[in-house]
Amino acid sequence: MKLAFTSDDRLLPASERSGGNVWVTPLIYGLLLPFTVIAVGLSGWYMATGETPAALAARLLQGPRISMPMPTRPGPEKPNEALMRPPPAPTPTLTPERPAEPAPAPAPIAEKAAEPPVEKPAEKPAPAPAPAAPAQSSYMPPPPPPVLAEPATPPGGESLAPPSFAQLPTPKESARPLPAAPIPDLLRASPSGSLPVRAGNRAAWKLYARPLTVAQTKPGAKIAVVVTDLGLSRDATLAALGKLPPDVSLSFSPYASTLDGWLKKAREDGHEVLLDLPLEPPNFPQHDPGALAVLQSHSPGEALGHLDAVLGKAGGYVGVTATLRSPVTATDSWALMLGELRDRGLLFLGDGLVGVDDKVMPAAASITLVADETPFRTAIDVKLARALASAQRDGSAIVTLSPRPVSFERLIAFLDSLPEKNVTLVPVSALVHPEP
């Protein structure tokens with residue numbers, strides 16, 4: 001098959017093919033596209049700000065405006081003052097009739113001034129006592145705030161020099177020693193040492209407690225004081241044994257060396273004794289409670305193991321004094337630890353007793369306050385005054401403090417003032433609630 005082409009089948013040149021479309025492209029890209037972009041931009045601006053193109057053009061062309069409040073109209077009428085206070089009373093001198101009679105006005109005034117010259121001076125002495133009244137009424141300042149207000153820490157420290165243990169006075173009466181402890185029937189051997197146990201109705205917190213006198217059993221407000229962290233400093237421990245009354249209970253640290261010897265010496269001086277139970281403090285790990293402490297991260301088995309390790313350090317104590325505000329009291333191990341203390345016949349002193357089941361609750365009491373958290377004289381006096389107020393209000397209060405010279409100084413002065421306030425000092429075992 002043979003194909004042939006003529007001149008008529010040729011394509012036209014590019015210039016002839018485009019014809020009238022030569023100006024379409026410049027028109028689209030030169031006019032329509034910029035106009036479309038501007039229109040879309042203005043529409044977006046209006047949708048975003050609500051400002052019309054006319055308002056935008058006016059703001060760009062006219063520049064910023066300065067807005068100032070319009071001043072009030074001058075004249076006697078002032079709207080601001082009229083709304084706040086009533087208008088002044090009209091004065092007779094502003095009426096147009098009075099200026100028309102200038103001559104007769106002085107005449108009646110002169111006549112009236114001549115008649116009552118005696119009466120007006122007689123009326124003036126009457127209001128005279130009014131300004132004298134404030135001078136006669138003397139200002140009575142309000143009473144000073146109660147001593148229960150927390151004082152500020154002195155910026156430069158206390159003015160008086162801190163005391164020493166040697167300067168503390170000794171008790172007036174020598175104490176009778178307590179019976180020897182521990183009792184062999186109340187001990188059981190364990191991998192952690194000899195641990196206290198119950199023997200029928202016999203419990204360590206009852207048998208090792210300091211007996212009460214007849215005066216201490218009478219009705220009235222009672223307060224107990226426990227000194228903690230003993231056994232770590234020899235001077236502080238000897239001062240607690242020799243300077244404090246025997247009714248002050250002593251709690252010893254499980255980290256103390258010769259712990260058994262200290263507990264026996266304390267009982268020979270008439271003090272009932274406890275052991276410190278180290279728990280994870282609220283500022284852990286900045287404050288390290290030691291290797292024997294029960295931590296929040298411990299499992300129940302680990303917590304009981306640490307508890308037994310503390311209890312096996314010595315014997316002859318009535319119970320334990322625990323760290324306050326510890327997160328351990330919110331763990332599942334806490335109820336098991338309290339039940340362990342109950343089964344061993346020991347008392348518990350601390351916090352975390354709210355909501356505990358009666359089946360695991362040991363003989364226990366909550367600490368009212370720590371007297372020397374701020375260790376200077378005024379602050380300790382304030383805390384002891386608070387404890388006294390709590391004892392008078394609630395019937396009893398329990399105070400703990402550390403073995404510091406200033407703490408012992410303020411405590412001895414406080415205890416000397418209790419008889420005149422009808423408050424009795426008792427050992428802490430007398431204020432615990434027996435197990436349910």
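The analysis underlying the following values was restricted to heavy atoms, covering all of them including side chains, and did not include hydrogens, waters or symmetry mates.
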Salt-bridged, [X] to [Y], with N to O below 4.0 Å?
| X | Y | value |
| --- | --- | --- |
| K264 | D260 | no |
| R325 | E373 | yes |
| D185 | R202 | yes |

For the backbone of [Y] and the side chain of [X], can you confirm whether one donor and one acceptor N or O come within less than 3.5 Å of each other?
| X | Y | answer |
| --- | --- | --- |
| H271 | V248 | yes |
| E272 | V428 | yes |
| S366 | D351 | no |
| S396 | I223 | no |
| T217 | V214 | yes |
| D276 | D229 | yes |
| W205 | S429 | no |
| S190 | S192 | yes |
| R210 | A430 | no |
| Q392 | A389 | no |

Atom [atom1] in [X], atom [atom2] in [Y]: separation rounded to 0.5 Å?
| X | Y | atom1 | atom2 | value |
| --- | --- | --- | --- | --- |
| L369 | I398 | CG | CD1 | 10.5 Å |
| E280 | H287 | CD | NE2 | 11.0 Å |
| E268 | L178 | CD | CG | 10.0 Å |
| T400 | L349 | OG1 | CG | 7.5 Å |
| D247 | L425 | CG | CG | 5.0 Å |
| L238 | K265 | CG | NZ | 7.0 Å |

Is there side-chain contact between [X] and [Y], with at least one heavy-atom pair below 4.5 Å?
| X | Y | value |
| --- | --- | --- |
| E435 | R342 | yes |
| V406 | P163 | yes |
| E409 | I380 | no |
| F165 | F408 | yes |
| L388 | S417 | no |
| E340 | D308 | yes |
| F348 | L353 | yes |
| L401 | V226 | no |

Could you give me the CA-CA distance, side-chain angles and deciding distance for R344 and R198, then say whether side-chain contact (heavy atoms from CB on, under 4.5 Å) is met? CA-CA 5 Å; R344 298 194 178 281; R198 286 179 177 270; over 6 Å; no

If you compare all heavy atoms of [X] against all heavy atoms of [Y], which two are closest, and at what distance to 0.1 Å?
| X | Y | answer |
| --- | --- | --- |
| P289 | P278 | O-CB, 3.9 Å |
| A240 | L230 | CB-CD2, 3.9 Å |
| G315 | L263 | O-CD2, 3.5 Å |
| P211 | Q216 | O-OE1, 4.2 Å |
| P254 | L259 | CA-CD2, 4.1 Å |
| G316 | A181 | CA-CB, 3.7 Å |

Of L277, V294, L279, which meets side chain to side chain contact (heavy atoms under 4.5 Å, CB included) against S326?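 The residue from L277, V294, L279 that satisfies side chain to side chain contact (heavy atoms under 4.5 Å, CB included) with S326 turns out to be L279.
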
Working for side-chain contact (heavy atoms from CB on, under 4.5 Å), residues L274 and L347: CA-CA 9 Å; L274 301 92; L347 65 82; 3.8 Å; yes

Run the side-chain contact (heavy atoms from CB on, under 4.5 Å) check on L195 and L187 step by step: do they pass? CA-CA 5 Å; L195 300 180; L187 291 177; over 6 Å; no

Quick check: are there more than 12 heavy atoms from other residues, nucleotides or ligands sitting under 6.0 Å from [atom1] of [X]?
| X | atom1 | value |
| --- | --- | --- |
| R234 | CZ | no |
| K313 | NZ | no |
| D394 | CG | yes |
| K243 | NZ | yes |
| D357 | CG | yes |

Worked check of side-chain contact (heavy atoms from CB on, under 4.5 Å) between L241 and L250: CA-CA 9 Å; L241 297 177; L250 306 180; 3.4 Å; yes

